[in-house]
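Here the structure comes first, spelled out in structure tokens, and everything after it is commentary.
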Amino acid sequence: FYCLSMFPYPSGKLHMGHVRNYTIGDVMTRFHRMRGYNVLQPMGWDAFGLPAENAAMANGVPPAKWTYSNIATMKKQLQSLGFAIDWERELATCSPEYYRWNQWLFLRMLEKGLVYKKTGTVNWDPVDQTVLANEQVIDGRGWRTGALVEKREIPMYYMRITAYAEELLAALDTLNGWPERVKTMQAHWIGKSHGVNISFPYELAGEKKLLRVFTTRADTLMGATFCAVAAEHALAAHAAKSNPKLAAFVEECKRGSVMEADLAQLDKKGMPTGLFVTHPITGEKIEVWVGNYVLMAYGEGAVMGVPGHDERDFAFAKKYGLPIKPVIDVGGKPYSTDAWQPWYADYGRCVNSGEYDGFDYQRAVDAIAADLKAKDLGEKQVTWRLRDWGISRQRYWGTPIPIVHCAACGDVPVPDNQLPVVLPEDLVPDGTGNPLAKTPSFVNCKCPKCGKPAKRETDTLDTFVDSSWYYIRFACPDQSKSMVDERATYWMAVDQYIGGIEHAILHLLYSRFWTKVMRDLGLVPVDEPFTRLLTQGMVLNEIFYRKGGDGRMTYYNPVDVELKHDDKGQRTGAVLHSDGKPVESDGIGTMSKSKNNGVDPQDLIEKYGADTARLFVMFASPPEQTLEWSDAGVEGASRFLRRLWLFAAGRGSDATVHVLSAGFIPVKEWSSQAPLIREFRRNIHLALKQASYDYERMQYNTVVSACMKLLNILEGGLGGPGVVSVNAVSQAISEAMGILLRVLYPVAPHITSALWNELGYAAQSKDLLDAPWPIVDKSALEQDEIELVLQVNGKLRGHMRAPKSAGREQLEQLALAHDAVARHTVGQAVKKIIVVPGRLINVVV
RNA sequence: GCCCGGGUGGUGAAACUGGUAGACACAAGGGACUUAAAAUCCCUCGCCGGAUAACUCCGGCAUGCAGGUUCGACCCCUGCCCCGGGCACCA
């Protein structure tokens, strides 16, 4: 059983998200180990990335040094939490032994045409002369310089993930162990859409040309009143040459960030190009506009504008006074060009559409596609939202791309026997460009082909490359001759993958892609990397701030904030401990350095120990749900463990230790024991049943509550009238304690292991880890009488006890005769009686 | 803006396949023990109203809001509000 938690970025110290993630993994690991599996739980470091460069700039320390020191700190923290990790397999992606295989596979993909070069758009800081990550663009400005960010086109390498789009989508159906929501998100991301590509002919300088657009609504073609192209489109560039105003507009579109979220929220703006194209069916002249809402990266970078039935086109047409022509009738719903209504975009029947009038969506699309095809002006086409994966980064702290640029031979791949291309570890970036490019000893080399002086590529690989296959390398981290070996066949696929929901799309999709590439190269025998997936919820905390006179926000850690409540416990405000003056709340958000709302788990571990920290994090919330941090409750987790210890060491031990050391006459017939003992065992086995079920479905918060119930039952004791068999009492307590220790072990392994030995259970099974999982005794759950809920018209009216064996008719009679039912049915006709066996009887009047 | 989730007491949450809403805890209040405090133990604890000397008993409302389906809805459907995640260079 391969149980894998997402490896951490070595950012400095563990945060609560890590504690939550790795505790879930460790609970699952230990549970499966007890169920008899050979379990692998490895750990490594996603060690390349931007924060190391930022830290380097701030402190003047090379990223490598900062990274390795963080790894040492965090490893110590992980060990102090008692995770059953196989540290012999530890790996860091920034070591040449690891990243050389990134380079190796990059070259294999280059050979197969799965890696190619084209231009891509990046954020450019004109002051620092450097490429910025999206994160480094704040309100359209560079984070260090405050300069307005520009878009810039540069050559980059891409991985052809679109070649696998069909399989990546189809195979989602095979992932039964994945949450539906993740599969839905990925399916939407891949975004397969069936449509028609349509060509609008035009003439340019006497030359016949075609403007291609893609649409999923070819049925609305007769309503097209304009076309719009992206600012980066060739047509826009051409028109701008002779039109300074348009050129200025195209330039304006090129400012700002490249983020889709920003683009989608821009006010719709456009400008006519002065060019006209011909409608492929009607022959009408249609004007071409440049629109800031047209994405160059999707479809053809051009759209036909159908304001009658597309909301964005409608808004655009209203703004610029373009004609709106309704051509779809949606079951007679009213249409007015005054304001957009949601049903304008619905499917319906064609109207005002000439020969297509009366056609429904599918018939219209089929007919129009056929007519276009006959004129050679379009045909049906499948388009994907998924884009190829740009992997070039103009950064230092990453895997060097193994390419050499030679004046004579062009871009030359580094031969396998010259791998790895080693990254120098002593550079310190200064925020102006890539330090690799300023390091002659790295850049200057010989062309592998002709041997003449050449320049090394200075871009590095996206860090998502590193994390796309580390789980395969864990099977054979010491293999120096090849990327992976036959041990990967033994361990892959990962049986259970655990990590944050924020990785639902990118990391998980890239990993699926890489696995398929490696499969096709004969390196792994699996189609999918992760059989089951648990996406843990984010750990959130409240954000507090004050706004200074200059408008700068200062964030305060919730630890330093005191909340004010009224008598009823309602929040009235918040003040800072240090000065007692109020701070503002900015709502809740994921724990982050920038918002200063993180909680350091180290304090928790030091004050309460690993078991309490683990228990609390598991108990606070179900794994898949977001966890809003609160200090209250930690105390309760600690109290529970202390109670368990004191019970075992004190009152409980008399019976337990005695029984275990002296032996006893096994009770064969529990059913003949006193009712008190039977009730005790019933409750114990009910709690065990709940815990076992909840372990299976990974709902660990209720596993913990089952353990609390077990201790409550044990503390309730077993003395009393009618209980005469000391032997049976001892045995019931011993059984119950044995169940509790084993059920609690995966969550709190330290205290349970110690008690297991102290109480003498070790005589039965040496190590708690090797003890068999307890089995529910079904006969202990049986009852002679059951309690049933009585309802009248679905409203609770009372309870009654009935023999287990009672039949339907007998139950109906008993129910009708019951006081509570009679009171609410008197004088009314009974229409029917619903009997849910073992649960309730509902009398309908 | 688009895609995906979530919303239940003062708080974290539970409710397994549509069948007793609030398990298990936290906080709070009351009490026991103690010179005192801490720790520990016991009791109360969704909201509103009524009956009773009292133990208790009865009724109504309640799972973000407004509707719908059903004998019966936290659970299924429609619309809305709020919160979180993702949007391709944070990881």
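Given the structure is predicted, the values throughout are model-derived calculations rather than measurements. We name chains A, B, ... by the order of the sequence lines, and we start the count at 1 in each one.
A:Gln625 has a side-chain polar atom (N or O) that falls below the 4.0 Å cut-off from OP1 or OP2 of B:rA13. A close approach under 4.0 Å does occur between a side-chain nitrogen or oxygen of A:His188 and OP1 or OP2 of B:rC4. An OP1 or OP2 oxygen of B:rA91 is reached within less than 4.0 angstrom by a side-chain nitrogen or oxygen of A:Thr463.
In this structure, a donor-acceptor pair under 3.5 Å is absent between the side chains of A:Thr130 and A:Asp125.
In B:rG9 the O4'-C1'-N dihedral to the base is within 90° of 0, which defines a syn nucleotide.
Counting heavy atoms from C-beta outward, A:Phe464 and A:Ile391 have side chains that stay 4.5 Å or more apart.
At a threshold of 4.0 angstrom between heavy atoms, the contacts of A:Pro622 are confined to the sugar-phosphate backbone, with no base atom among them. Heavy atoms of A:Val122 sit under 4.0 angstrom from at least one base atom. Using a 4.0 Å heavy-atom criterion, one finds that A:Asp694 contacts no nucleic acid atom at all. At the heavy-atom level, A:Val844 lies under 4.0 Å from the strands shown only through sugar-phosphate atoms. A:Leu840 comes within contact range of at least one nucleobase, with a heavy-atom separation under 4.0 Å. Among the heavy atoms of the strands lying under 4.0 Å from A:Phe619 is at least one base atom, whether or not backbone atoms are also near.
Proximity of residues 697-704 of chain A to RNA chain B (heavy atom under 4.0 angstrom from any strand atom) is restricted to A:Arg697, A:Gln699, A:Asn701, A:Thr702.
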Can you pull every protein N or O that's under 3.5 Å from an N or O on nucleotides 76-87 of chain B?
residue, atom, partner, partner atom, Å
B:rG84, OP1, A:Ile588, O, 3.0
B:rC87, O2', A:Glu260, OE1, 3.4

Could you pull out the protein-nucleic contacts involving nucleotides 38-42 of chain B (nitrogen or oxygen on both sides, under 3.5 Å)?
residue, atom, partner, partner atom, Å
B:rU40, OP1, A:Arg642, NH2, 3.2

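For A:His824 and B:rC71, the NE2 to C1' distance is 16 Å, given to the nearest whole Å. Whole-Å rounding puts the A:Met296 CE to B:rA88 P distance at 18 Å.
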Chi angles and distances behind the salt bridge (charged side-chain N to carboxylate O under 4.0 Å, His left out) call for A:Glu635, A:Arg639: CA-CA 6 Å; A:Glu635 202 58 61; A:Arg639 199 178 303 158; 5.2 Å; no

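With B:rG12, B:rG19, B:rC24 as the candidates, the nucleotide lying closest to the side chain of A:Ala620 is B:rG12. In the set B:rG60, B:rA25, B:rC90, B:rC90 carries the atom at the smallest distance from any side-chain atom of A:Leu50. Distances were taken from every side-chain heavy atom of A:Tyr693 (C-beta onward) to each of B:rU20, B:rC71, B:rC16; the shortest belongs to B:rC16.
Scanning for side chain to side chain donor-acceptor pair (under 3.5 Å) contacts around A:Arg217 gives A:Asp219, with sequence neighbours left out.
Both key distances under 3.5 Å define a Watson-Crick or G-U pair, and stretches of 3 or more such consecutive pairs in RNA chain B run B:1-7 with B:81-87, B:10-12 with B:24-26, B:28-32 with B:40-44, B:46-51 with B:56-61, B:64-68 with B:76-80.
For the side-chain hydrogen bond (donor to acceptor under 3.5 Å, both in side chains) condition, no pair includes a residue of residues 828-839 of chain A, sequence neighbours left out.
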